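Keep in mind that this is a model prediction, so the values were computed, not measured.
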Amino acid sequence: QLQLVQSGGGSVQTGGSLRLSCVAFGDAGCAYDWSWYRQAPGKEREWLTAIDGDGNTHYEPPAKGRFTISQDNTKNTTYLQLDSLKPDDTAMYYCKTDSRAGRLLECNYWGQGTQVTVSS
């Protein structure tokens with residue numbers, strides 16, 4: 001079982017930056033990659049980006065060009081760097097573990113979320 005603990009959210013003005021962190025505690029008993037999602041009030045949860053164990057990354061259109069995912073496997077941590085923030089980026093941001101391709105065991109855990117608020 002994993003516990004994902006998030007931090008780094010807050011309030012910034014348009015054009016500002018934040019660095020979100022997500023640390024996995026415990027023993028998952030499985031191999032996993034990382035994803036980040038966000039969800040604004042009244043809207044569906046939106047996939048933003050993912051990174052695998054080799055450092056390969058994927059960005060969905062809302063994140064491409066302004067957000068950067070990274071990881072430190074020695075610390076069981078993933079980061080999401082948010083730059084050039086806009087009011088439309090205001091949402092709850094979630095990290096998630098993803099079952100790694102080719103593995104027999106599922107490994108899907110969610111962080112508690114951290115609020116990002118961007119004002120004009």
Using 4.0 Å as the upper bound for N to carboxylate O, is an ion pair formed by Arg100 and Asp98?
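Result for this pair is no, no salt bridge flagged.
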Side chain to side chain contact (heavy atoms under 4.5 Å, CB included) between Tyr94 and Arg38: does it pass, once the steps are laid out?
CA-CA 6 Å; Tyr94 298 89; Arg38 70 183 180 187; 6.0 Å; no
Can you see which heavy atom on [X] is nearest to which on [Y], and at what distance?
| X | Y | answer |
| --- | --- | --- |
| Pro62 | Phe67 | O-CE1, 4.1 Å |
| Ser120 | Gln13 | O-NE2, 4.4 Å |
| Ser17 | Val12 | O-CG1, 3.9 Å |
| Thr49 | Trp47 | O-NE1, 3.2 Å |
| Asp33 | Asp52 | OD1-CA, 3.2 Å |

Between Ile51 and Trp36, is a side chain to side chain contact (heavy atoms under 4.5 Å, CB included) present by the stated rule, with each step listed?
CA-CA 9 Å; Ile51 188 168; Trp36 285 91; over 6 Å; no
Using modelled atom types only, decide if a donor and an acceptor are shared between the side chain of [X] and the backbone of [Y] within a distance under 3.5 Å.
| X | Y | result |
| --- | --- | --- |
| Ser99 | Cys107 | yes |
| Asp72 | Thr74 | yes |
| Thr90 | Asp88 | no |
| Asn73 | Asn76 | no |
| Arg66 | Ser84 | yes |
| Thr14 | Ser119 | yes |

Can you list, by chain and residue number, the hydrophobic cluster partners of Phe25 when the side-chain cut-off is 4.5 Å?
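Besides Phe25, the cluster holds Val5, Val23.
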Cut-off 3.5 Å, no hydrogens considered: what does the side-chain donor-acceptor table look like for residues 109-118, sequence neighbours left out?
{"unit_1": "Gln112", "atom_1": "OE1", "unit_2": "Gln6", "atom_2": "N", "d": "3.1"}
{"unit_1": "Gln112", "atom_1": "NE2", "unit_2": "Gln6", "atom_2": "O", "d": "3.1"}
{"unit_1": "Thr114", "atom_1": "OG1", "unit_2": "Gly9", "atom_2": "N", "d": "3.3"}
{"unit_1": "Gln115", "atom_1": "NE2", "unit_2": "Ala91", "atom_2": "O", "d": "3.4"}
{"unit_1": "Gln115", "atom_1": "NE2", "unit_2": "Thr117", "atom_2": "OG1", "d": "3.4"}

Can you tell me how far the OH atom of Tyr79 sits from the CD atom of Gln71, to the nearest 0.5 Å?
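Going from the OH atom of Tyr79 to the CD atom of Gln71 covers 10.5 Å.
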Does one hydrophobic cluster hold both [X] and [Y], with members joined at side-chain heavy-atom distances below 4.5 Å?
| X | Y | value |
| --- | --- | --- |
| Leu4 | Ile69 | yes |
| Tyr93 | Leu18 | yes |
| Tyr59 | Leu82 | yes |

Going through the distances and angles, do Leu2 and Tyr32 end up as a side chain to side chain contact (heavy atoms under 4.5 Å, CB included)?
CA-CA 11 Å; Leu2 282 184; Tyr32 57 88; 3.8 Å; yes
With Glu60 via side chain to side chain donor-acceptor pair (under 3.5 Å) - residues at least two apart:
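Only His58 meet the side chain to side chain donor-acceptor pair (under 3.5 Å) criterion with Glu60.
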Given side chain to side chain contact (heavy atoms under 4.5 Å, CB included), test Leu80 with Trp34 step by step and report yes or no.
CA-CA 11 Å; Leu80 184 63; Trp34 287 107; over 6 Å; no
Polar side chain donor-acceptor pair, Arg45 to Tyr37, under 3.5 angstrom
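Arg45 vs Tyr37: no donor-acceptor pair found between side chains.
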More than 12 heavy atoms of other groups within 6.0 Å of Gln81 CD:
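Counting neighbours around CD of Gln81, more than 12 heavy atoms of other residues, nucleotides or ligands fall under 6.0 Å, so yes.
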